[in-house]
Amino acid sequence: MKDFVERWHLSAWETGLMTAALELGCLIGALTAGTLADQYSRRQSIFAACTIFCIGSALQFCAQSPDHLILGRGIGGLGVGALSMLSPLYMAEISPPEVRGSLMALEQFAIVLGAVLGFWTGFFTRDVPGSASWRLPLGIQLIPGILLGVGCMALPPSPRLLVQQGRVEEALRSLARLRLRTRGEIESDPLLQIELLEMQVEAALIEQTTATEAPIPNAKPGTLRAELHAWSRLFSPKLRRRTIIGVLMMFFQQWSGINALLYYGPTLMRSLGMQGDAVTLMSAGGIGIVQFLAVLPAIVFIDRLGRRPLLRWGSLAMALSHLTIALLVGQYGGDWTAHAFAARVSLACVYAFTAAYGVSYGPIGWILPSEVFPLSARSKGVALSTASNWTNNFLIGLLTPVFMEHSATGTFLIFAIACTLGYVWSTYSVPETANVSLEEIDAVFGSSAAQEDMALKRQIEADLGLHDLIQRWAPESQRSSRDT
């Protein structure tokens, strides 16, 4: 955009700072949102994050200096980071297990749709006279922020959080609303009662097992000391494996190379022999479109095929794509015009990588961290995982230009190695969480498989009447099935 470049005359430091301000804000927003989500509610925290995002967007839209842009991106980043943690957390907590993956894949669908619309908005406004060429795209981002902020007030609260807070009647009403039950069905629907009791069992089990873990004396809830203790629980023996999975999921998602393509698509396309600004911009824009289309089958099949198979085969496909590009760049990169077919094969590999990412690391990167943590540590666990995403996102944005300047072949080899390591990790370290309720995830990790935990869980189930309810409901269900 000519007006933007001619108006500001940004130095390399200012350009880097403007890029990094968003990621830094996202990192802080993701870490702080976990505490707010627990102390208040998921819904109120989402509204607050939307408000902060809109303030940052308005500051960018009205910017009169580079400092305004940098500050606006930093403030907007606080909202983006918080929302990137709060949205999958809320969606995981309200979704039934059989469709949880598909519903959460819709978030990745929305992210990619926003990226595609943002890219092509900038593409078509780049020649608009004056500052409208860049103010218009910055102003448009206010629209989804306002819509989400207003719309989230109509969302039901998280029943799992309400159970954790001891507000069981409110949790039952919220759960009935989420499962499309009428007021008259609340007391008579056994499935609704069973699901609520399972949430109560999980909350009681977590409360009693947490009480046995070395509490900090004289630490009042909400104080810095209590918060540090709550964060330190993520690295306790019972939660350490889950924390590592959440952090590494985001690490491999970023080092697969997707955001390097999105941030520096035109630069990478020129390294593959694409010529002219329009050609490179449209080729880079095609990356977003391919990713958008690839998310669609993920929404349909992610719960049927499972998380691990998609991660494994996605890693393998991405690694092979990067390796092929690296070999072609090393062999023909000096004279692409004489090797047009090699250039087209490289471009096809970029799109193949993007499609593989769209059905694997893209959606699962947000799903898995929201599934693996128990209720008492879920908000902070997801916050830490999201912080890993933004930290590695920042490093990708900072280091990719350096890598490309030094060696385009080496850049694609780095991403190929990262995807290969991702294949090994997903094969041997990632459990299958598809079609498993959040209350049953403990069994996947074996943390509640210990005899004392299982005995305590059975006792809680009996105390809350879960066994009696199932025994009463089972004969009625059998009779109704015979009648039909």
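Note that the structure is a prediction, hence the values are computed from the model and not measured.
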query = Is the side chain of N435 donor-acceptor paired with the backbone N or O of D303 at a distance under 3.5 Å, no angle test?
reply = yes

message = Could you check whether any side-chain N or O of S388 sits under 3.5 Å from a backbone N or O of L384, counting only pairs where one atom can act as donor and the other as acceptor?
response = no

message = Strictly distance-based, threshold 3.5 Å: is any side-chain N or O of T411 a donor or acceptor partner for the main-chain N or O of F403?
response = yes

inquiry  = For L59 and I55: C-alpha separation, side-chain torsions, deciding distance, then whether side chain to side chain contact (heavy atoms under 4.5 Å, CB included) applies.
reply    = CA-CA 6 Å; L59 192 57; I55 292 172; 5.7 Å; no

key: Heavy-atom side-chain contact between I396 and F415 under 4.5 Å   = yes

query = Would you call P431 and R241 a side-chain contact if the rule is heavy atoms closer than 4.5 Å?
reply = yes

request  = Looking only at non-hydrogen atoms, find the nearest pair between A21 and I70 and report the distance.
outcome  = CB-O, 3.6 Å

query = Which is it for T427 and R312 under the side chain to side chain donor-acceptor pair (under 3.5 Å) test, yes or no, and what are the steps along the way?
reply = CA-CA 6 Å; T427 300; R312 292 180 63 204; 3.1 Å; yes

ask   = What heavy-atom pair brings S57 and L142 nearest, and what distance separates the two atoms?
value = CB-CD2, 3.7 Å

query = Are any of the side-chain heavy atoms of L162 and S174 separated by less than 4.5 Å?
reply = yes

ask   = What is the minimum heavy-atom distance between L310 and V359, and which atoms define it?
value = CD1-O, 3.8 Å

ask   = So, does R173 use its side chain to make a donor-acceptor pair with the main chain of I186 at under 3.5 Å?
value = no

remark   = In this structure, SG of C54 is separated from CD1 of I143 (nearest 0.5 Å) by 10.5 Å

inquiry  = Measuring from atom SG of C26 to atom CG of N389, what distance do you get when rounded to the nearest 0.5 angstrom?
reply    = 8.5 Å

ask   = Between L320 and F353, does a side chain to side chain contact (heavy atoms under 4.5 Å, CB included) hold up when you go through it step by step?
value = CA-CA 8 Å; L320 290 175; F353 157 80; over 6 Å; no

query = Heavy-atom distance under 4.5 Å between the side chains of L395 and W255, does that happen here?
reply = yes

Audit row: E195, R179, side chain to side chain contact (heavy atoms under 4.5 Å, CB included) steps and yes/no = CA-CA 11 Å; E195 188 171 2; R179 302 298 180 259; 2.7 Å; yes

key: For A356 against S360, the heavy-atom pair lying closest together   = O-OG, 2.5 Å

query = How close do C152 and I46 get, heavy atom to heavy atom, and via which atoms?
reply = CB-CG2, 4.0 Å

message = Donor-acceptor pair, distance only, cut-off 3.5 Å: does the side chain of H322 make one with the backbone of S256?
response = yes

inquiry  = Tell me if a side-chain donor or acceptor on R307 pairs with a main-chain N or O of I302 at a distance below 3.5 Å.
reply    = yes

query = Distance-only, no hydrogens or angles: does the E170 side chain make a donor-acceptor pair with backbone N or O of V163 under 3.5 Å?
reply = no

task = Please test S315 against Y361 for side chain to side chain donor-acceptor pair (under 3.5 Å), starting from the C-alpha separation and ending with a verdict.
result = CA-CA 8 Å; S315 299; Y361 280 42; 2.5 Å; yes

query = Looking at CG of L161 and CZ of R378, how far apart are the two atoms once the value is rounded to the nearest 0.5 Å?
reply = 10.0 Å

message = I want to check something: taking the side chain as every heavy atom from C-beta on, are I94 and L155 in contact at a cut-off of under 4.5 Å?
response = no

message = Using 0.5 Å steps for rounding, measure from the CZ atom of R43 to the CG atom of L86.
response = 13.5 Å

request  = Any pair with a residue in residues 58-75 that passes side chain to side chain donor-acceptor pair (under 3.5 Å), sequence neighbours left out, goes on the list, sorted by first then second residue, please.
outcome  = none

key: Over all atoms of both residues, closest heavy-atom pair of T125 and P137   = OG1-CG, 3.4 Å

task = Classify the ring geometry between F123 and F119 as parallel (under 30°), tilted (30 to 60°) or perpendicular (over 60°).
result = parallel

ask   = So, the side chain of S429 versus the backbone of S426: is there a donor-acceptor pair under 3.5 Å, distance only?
value = no

inquiry  = Quick check for you: to the nearest 0.5 Å, what is the distance between N392 atom CG and L27 atom CG?
reply    = 10.5 Å

task = May I ask you to test the L305-W313 pair for a side-chain heavy-atom distance under 4.5 Å?
result = no

inquiry  = Using the rule given for side chain to side chain contact (heavy atoms under 4.5 Å, CB included), can you reason through V80 versus W390, listing the C-alpha separation, both sets of side-chain angles and the distance that settles it, and then say yes or no?
reply    = CA-CA 10 Å; V80 172; W390 290 112; 3.8 Å; yes

ask   = Can you tell if the side chain of T243 reaches within under 4.5 Å of the side chain of R240, non-hydrogen atoms only?
value = no

ask   = Rounded to the nearest 0.5 Å, how far does CD of Q254 lie from CZ of F252?
value = 13.0 Å

inquiry  = Within the 4.5 Å heavy-atom criterion, are M199 and P159 side-chain neighbours or not?
reply    = yes

task = Look at the side chain of Q108 and the backbone N and O of G358, then say whether any donor-acceptor pair between them is shorter than 3.5 Å.
result = no

key: Residue pair S87, E107: steps toward the side chain to side chain donor-acceptor pair (under 3.5 Å) verdict   = CA-CA 8 Å; S87 298; E107 184 199 14; 4.5 Å; no

ask   = Any idea how W134 and W8 line up, ring-wise: parallel (<30°), tilted (30 to 60°), or perpendicular (>60°)?
value = perpendicular

inquiry  = Closer than 3.5 angstrom, by distance alone: can the side chain of R160 be matched with the main-chain N or O of E93 as a donor-acceptor pair?
reply    = yes

